[in-house]
S.K.: 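Can you keep this structure in mind? I'll have questions shortly.
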Amino acid sequence: MFDDRIDAGQQLAVALKKYRFQDNTVVVALPRGGVVTGYVIAKELHLPLEVAMVKKLGHPNNPEYAIGAVSLKDHVINGFADISSEYIEQAIEDIQRLLKKRYALYHGNKPPIDLHKKTVIVVDDGVATGKTLITALELIGNEAPDKIVVAVPVGPTRTIKKLRQYADEVICLEAFREFFAIGSYYLDFAQVTDDQVVELMNKANGATPS
């Protein structure tokens, strides 16, 4: 049980202490809750903080059913022969436009950190099915980092095992065979707002909030 996302970040920072002050290492956090945990890790380890901008690409007949995912720089599509290339191309364009707006909100004019040949510590405040995190790992992998490390406070054992297929190292502080909602493992799991993310990114980057 964790007090809150800050407590989880502090405990993960201890588990990740070998990366403290390591050049060429970046913390990449999944919004929004993961940014709180990631910020604490980045601060404790004296590492830069980035936000993973990833959004699923939905099926034209059922937007909630993911047929792929899109990032600022790349995309992954799970083969669906019945879907037109025109739909996919337009959807990618629309999603990347949305991600660019969200990135500008979180980062201002700061360009994304180049992850090529870097050690990337990917952080979230917990993992359940792992679909979003795995998609982020696939897209990060396309940038050819030297090493991918996953760091999460809590998750189901089956998902943690699956994550090892997509990362060089997986750190999970508490894994359970029978898993409930992520929030049930926190005393305080309040929703994180965009304003909070902006504030944390400003702090991480040494900027003054506007």
Side-chain angles (χ1 to χ4, degrees), residues 1-17 19-20 25-56 69-73 95-113 115 118 120-137 139-140 149-155 159 171-174 180-210:
M1 179 69 72
F2 302 95
D3 292 338
D4 51 24
R5 293 180 179 89
I6 294 173
D7 176 37
Q10 290 170 337
Q11 293 190 45
L12 279 171
V14 174
L16 292 161
K17 62 183 179 181
Y19 296 104
R20 194 167 188 256
T25 300
V26 181
V27 176
V28 176
L30 272 66
R32 297 182 185 98
V35 176
V36 179
T37 304
Y39 170 77
V40 175
I41 293 170
K43 181 180 178 182
E44 293 288 331
L45 302 183
H46 298 270
L47 299 174
L49 177 65
E50 180 65 280
V51 179
M53 304 306 300
V54 177
K55 184 174 175 57
K56 71 180 177 184
V70 181
S71 70
L72 285 170
K73 300 179 180 179
I95 292 171
Q96 287 186 330
R97 186 181 302 112
L98 175 64
L99 291 176
K100 286 175 182 176
K101 289 182 180 178
R102 190 173 296 169
Y103 189 90
L105 174 66
Y106 293 162
H107 282 276
N109 295 323
K110 178 179 173 287
I113 296 175
L115 303 181
K118 288 184 169 60
V120 182
I121 302 174
V122 186
V123 178
D124 206 352
D125 55 9
V127 61
T129 65
K131 289 182 179 179
T132 301
L133 181 53
I134 286 170
T135 298
L137 294 175
L139 290 167
I140 289 170
V149 181
V150 171
V152 292
V154 64
T159 300
I171 294 174
C172 178
L173 300 178
E174 297 184 12
F180 304 98
I182 294 171
S184 64
Y185 300 95
Y186 284 83
L187 293 177
D188 179 1
F189 198 66
Q191 184 175 352
V192 177
T193 66
D194 278 336
D195 286 344
Q196 288 174 287
V197 173
V198 172
E199 180 182 1
L200 290 174
M201 294 308 298
N202 280 326
K203 288 181 178 179
N205 296 323
T208 302
S210 56

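It should be emphasised that the depicted structure is a prediction, and the values quoted were computed from it without experimental measurement.
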S.K.: By side-chain contact (heavy atoms from CB on, under 4.5 Å), which residues pair with A15, not counting sequence neighbours?
M.R.: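 Testing A15 for side-chain contact (heavy atoms from CB on, under 4.5 Å), a comparison that skips the adjacent residues, returns I171, L173.
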S.K.: For K100, does the NZ atom sit with more than 12 other heavy atoms under 6.0 Å from it, leaving out its own atoms?
M.R.: no
S.K.: Would you mind telling me which of I121, V123, L115 makes a side chain to side chain contact (heavy atoms under 4.5 Å, CB included) with V28?
M.R.: L115
S.K.: Is there a side-chain contact between V197 and L200 in this structure, where contact means two heavy atoms from C-beta onward sitting under 4.5 Å apart?
M.R.: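 Not touching, per the 4.5 Å side-chain cut-off.
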S.K.: Does L105, at its CG atom, have more than 12 non-hydrogen atoms belonging to other residues, nucleotides or ligands within less than 6.0 Å?
M.R.: yes
S.K.: Do the side chains of L16 and V27 get nearer than 4.5 Å, heavy atoms only?
M.R.: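 When only atoms from C-beta onward are counted, L16 and V27 do not touch, as no gap falls below 4.5 Å.
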S.K.: Taking salt bridge (charged side-chain N to carboxylate O under 4.0 Å, His left out) as the definition, give me every residue that meets it alongside K55, ordered by chain and number, with sequence neighbours left out.
M.R.: none
S.K.: Tabulate below the donor-acceptor pairs under 3.5 Å that side-chain atoms of residues 29-39 make, not counting sequence neighbours, or state none.
M.R.:
from: R32; atom 1: NE; to: D194; atom 2: OD1; distance (Å): 2.9
from: T37; atom 1: OG1; to: R5; atom 2: O; distance (Å): 3.4

S.K.: Sub-3.5 Å donor-acceptor pair from the side chain of E50 to the main-chain atoms of P112, do we have one?
M.R.: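 Side chain of E50 to backbone of P112, a donor-acceptor pair under 3.5 Å: no, none is there.
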S.K.: Please name the pair of heavy atoms, one in Y186 and one in D125, separated by the smallest distance, quoted to 0.1 Å.
M.R.: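 Closest approach of Y186 to D125, heavy atoms only: OH-O, 2.6 Å.
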S.K.: Using the ring pair (Phe, Tyr, Trp, His ring centres under 6.0 Å) criterion, which residues pair with Y19? Sequence neighbours excluded.
M.R.: none
S.K.: Does the side chain of F180 reach to within under 4.5 Å of the side chain of Y185, using non-hydrogen atoms?
M.R.: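 Side-chain contact under 4.5 Å: yes.
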S.K.: How would you list, by chain and number, every residue that makes a ring pair (Phe, Tyr, Trp, His ring centres under 6.0 Å) with Y103, sequence neighbours excluded?
M.R.: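 Ring pair (Phe, Tyr, Trp, His ring centres under 6.0 Å) list for Y103, sorted by chain: H107.
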S.K.: Applying salt bridge (charged side-chain N to carboxylate O under 4.0 Å, His left out), can you list everything that pairs with K73, at least two apart in sequence or on another chain?
M.R.: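 With neighbours one apart ignored, the set is E143.
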